[in-house]
Each structure stands twice: as structure tokens, then as C-alpha cells.
Amino acid sequence: MQRIVVLNPKGGSGKTTIAINLAAYFALHGEQTVLIDHDPQASAARWVRKRHENQAPIHLIAAFERDSRVTRTFQLRIPDGAGRVIVDTPAAVQPHEMPELTRGADKILVPVLPSDIDIHAASRCIQNLLLVAKVKREDRRLGIIANRVRRNTLVYQSLTRFLGTLDIPIVATLRDSQAYVRAVGQGLGLPEMKPYQVSDDLAEWQPLLEWLDLPLGSSGSSTGNSQVLPATEPVAAPAETAALIPERARPQVDETTGGGAEDSDDSIVESDAFTPALRLA
């Protein structure tokens, strides 16, 4: 069983869209798929409940709901035989909540939008994942998704410069597309839409699906065996997905992250270019 957590405390970063489309893909390909919705807005839960019986089944766990008749452990239990578990986390997650949300996660996805506010929020999110949740870079289970991008814009260039400073793989670059809106409105995922409507969008998911299939600790030098499109020419990963080795810099850790941070090599510094950036000490 693989547990995939989609996390970013910044609201509106596209966590639910990524979670439900991953769930749709795995379910469509015959895997027993579980979608855990921790968000009180219940967007993922509504999407699952909108699906029809003839669609690929997705088991929903509405973690935001509380049932006094059963224990919390029983409510969050994973069905036997589950192959993929997708966790959609809420906005405004506090640093002390991250260890619990990421416990047992095989992969952690952080979607980042191309705006100064979102870039700064992502910087703090990654800092907390490394220093508070104790996610180790060398495990290679943390991946960044550049989400809702418009490539020929200055803010996208700023986003790529920021992501290039991280020693964390950029596992997908997803364009801003109305196909996601149309799919969600019908209780569908992109892979369930008509191919001619979403072929360009599906191609952008290929690097992400390949990265999810990589074993723990893999640098991504090899690719997985996931397929999104019919047998055609292989879809090349965008150039931004290459993991860049950051420059070395003197660590400056936010004192609010708590004691012991000075012993860690995972630190945040202010980028001289334009935004906060994560570098290796």
C-alpha cells in the first residue's frame, strides 16, 4: 500500500484537485483506491459522492467528520487490500499538526502556485516539513508541484527560480486549465474525460506518476511504469523537473520553529533574488 499526502497550509493551492485526480487515475487503472478527506470544506467528499456506480470505485474516508458512536481509529481504518491511499489535507495546517498528517506517508506532494504570496507560504511549509515533521531530504519522498502555471509570464519565471533553489524534486508542472473545472463538475478525473479534451493536460501528469512509482530514496534517475496516455511517443518531463543542487549558504533558522533546529542541515535563508528559498547548509 502506498500512502500519498497532498499538503500545503496555504488555501487555494490546488490540493483537492491534485488528490481527486490521482484517486481517479489509480481507480481507473484497477487499483483499490482510498481517498481521505481531512478538509472541513468537504470538496473531495462531495466529488466522490457525485460519482456514479458505473465509474471506477473510490473508497471515501471523511476524516473531517466526527462520529461519537465509534472510535477515531475505527473511523479512519483503511480497508483491506487498499493499493493507494490519497490524503487531502485542510488549509491552515499548523506546524505541530504536520507530523501526524505525514506519519506513514510514502510520498508527500506540495503544490505551489506562481505568486509571491504562495511562494513565501510554500517556503515556510517546506521548512516545517523538514524541521518539525522531520521529513528527510535523502528519503526523496517530498515532491513539489508547480500548479496552475502560465509559462510565458514573469511570475512563472520567479516560481521556477525559487523551485530551482530547492534540493527537492519538482515532480510536475501543471498548467492553468479549465479541464479540471469541467471534470470536477461531473464527478470525474482527467483520465476519465474524453482524450481529445484533456490530452495536453494528461501529458503533464506523466512525470508525477513516474515519480510516485520510484522507490523510497530514489533520486529519480530512473522512471516508473505508469502510463497516462495511449501508446504514443513517450512524454518528456518538463525541464523544470530536474532536481537542481542548491548553493551552499550559512543556515538561518526561524527561532519560532523550536529548539534543536541548529543541529539540522535543513534550513531556510532569504533568497537574494526575490523570495525566501530553501538551501542546504
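Values in this document were obtained by computation on a predicted structure and should not be read as measured data.
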**Item:** Heavy-atom closest contact (Ala24 atom, Gly189 atom, distance)
**Value:** CB-CA, 3.6 Å
**Item:** Full working for side chain to side chain contact (heavy atoms under 4.5 Å, CB included) between Arg141 and Leu216
**Value:** CA-CA 6 Å; Arg141 62 188 180 119; Leu216 189 67; 3.8 Å; yes
**Request:** Ignoring hydrogens and angles, tell me if any N or O in the side chain of Ser177 forms a donor-acceptor pair with the backbone of Arg175 under 3.5 Å.
**Result:** no
**Donor-acceptor pair, side chain of Arg137 and main chain of Leu142, under 3.5 angstrom** = no
**Request:** Check step by step if side chain to side chain contact (heavy atoms under 4.5 Å, CB included) holds for Arg66 and Arg72.
**Result:** CA-CA 8 Å; Arg66 298 282 179 167; Arg72 184 66 171 166; 3.3 Å; yes
**Item:** Atom pair NE2/CG of His59 and Leu35 - distance to nearest 0.5 Å
**Value:** 10.0 Å
**Asked** For Ala62, which residues count as a side chain to side chain contact (heavy atoms under 4.5 Å, CB included) partner, sequence neighbours excluded?
**Response** Arg49, Phe64, Glu65
**Asked** Counting only heavy atoms not in Asp67, do more than 12 sit closer than 6.0 Å to its CG atom?
**Response** yes
**Message:** Check Asp116 with Lys10, please: is the shortest side-chain N to carboxylate O separation under 4.0 Å?
**Reply:** no
**Request:** Using modelled atom types only, decide if a donor and an acceptor are shared between the side chain of Gln55 and the backbone of Glu192 within a distance under 3.5 Å.
**Result:** no
**Prompt:** Are the side chains of Asp118 and Asn8 in touch, meaning some heavy atoms are under 4.5 Å apart?
**Reply:** no
**Prompt:** Any side-chain heavy atom of Cys125 sitting closer than 4.5 Å to one from Val110?
**Reply:** yes
**Request:** I would like to know whether Lys107 and Trp211 meet side chain to side chain contact (heavy atoms under 4.5 Å, CB included); could you show each step before the answer?
**Result:** CA-CA 9 Å; Lys107 300 288 184 177; Trp211 180 78; 3.5 Å; yes
**Request:** To the nearest 0.5 Å, tell me how far Thr73 OG1 sits from Leu76 CG.
**Result:** 7.0 Å
**Request:** Please report the shortest heavy-atom distance between Gly12 and Leu113, naming the atom on each side.
**Result:** O-CD2, 3.4 Å
**Item:** Within one Ile-Leu-Val-Met-Phe-Trp-Tyr cluster: Leu60 and Ile58, side-chain cutoff 4.5 Å
**Value:** yes
**Message:** Using a 4.5 Å cut-off between side-chain heavy atoms of Ile, Leu, Val, Met, Phe, Trp and Tyr, which other residues end up in the same hydrophobic cluster as Phe74?
**Reply:** Val70
**Request:** Spell out, as yes or no, whether a donor-acceptor pair under 3.5 Å connects the side chain of Thr102 to the backbone of Ala105.
**Result:** no
**Asp37 side chain to Ala45 backbone, donor-acceptor under 3.5 Å** = yes
**Non-hydrogen side-chain atoms of Arg151 and Thr173 separated by less than 4.5 Å** = yes
**Request:** For the residue pair Asn128 and Arg124, establish whether any side-chain heavy-atom pair is separated by less than 4.5 Å.
**Result:** yes
**Asked** So which heavy atom on Ala63 is nearest to which on Ile36, and how close?
**Response** CB-CG2, 3.8 Å
**Item:** Heavy-atom side-chain contact between Phe26 and Ile4 under 4.5 Å
**Value:** yes
**Asked** Going only through I, L, V, M, F, W and Y residues with side-chain contacts under 4.5 Å, is there a path from Val85 to Leu28?
**Response** no
**Request:** Enter the distance from Leu174:CG to Thr17:OG1 here, rounded to the nearest 0.5 Å.
**Result:** 10.0 Å
**Item:** Closest heavy-atom pair and its distance - Val34, Pro79
**Value:** CG2-CD, 3.8 Å
**Asked** Which distance, rounded to the nearest 0.5 Å, do you find between the OH of Tyr25 and the OG1 of Thr33?
**Response** 10.5 Å
**Message:** Measuring only between side-chain heavy atoms, which start at C-beta, is Lys134 closer than 4.5 Å to Pro99?
**Reply:** no
**Request:** I would like to know whether Arg150 and Tyr156 meet side chain to side chain contact (heavy atoms under 4.5 Å, CB included); could you show each step before the answer?
**Result:** CA-CA 6 Å; Arg150 298 182 180 181; Tyr156 172 66; 5.9 Å; no
**Message:** Keeping Gln206 on the side-chain end and Leu202 on the backbone end, is there a donor-acceptor pair under 3.5 Å?
**Reply:** no
**Request:** Evaluate the side-chain proximity of Arg161 to Ile119: yes if any heavy-atom separation is below 4.5 Å, no if none is.
**Result:** no
**Heavy-atom closest contact (Leu163 atom, Ala146 atom, distance)** = CD1-CB, 3.9 Å
**Message:** Test your reading of the model: is there a side-chain donor-acceptor pair from Gln32 to the backbone of Asp80, 3.5 Å cut-off?
**Reply:** yes
**Request:** Would you mind reporting whether Leu22 and Trp205 have side-chain heavy atoms less than 4.5 Å apart?
**Result:** yes
**Request:** Determine the minimum heavy-atom distance between Leu212 and Gln2, stating which atoms define it.
**Result:** O-NE2, 2.7 Å
**Asked** When rounded to the nearest 0.5 angstrom, what is the spacing between CG in Asp167 and CD in Glu138?
**Response** 9.5 Å
**Request:** Hey, could you give me the CG/CG distance between Asp176 and Asn147, rounded to the nearest 0.5 Å?
**Result:** 8.5 Å
**Item:** Under 3.5 Å: donor-acceptor pair, side chain of Ser13, backbone of Val112
**Value:** no
**Request:** Output yes when a side-chain donor or acceptor of Arg46 lies under 3.5 Å from a complementary backbone atom of Gln41, and no otherwise.
**Result:** yes
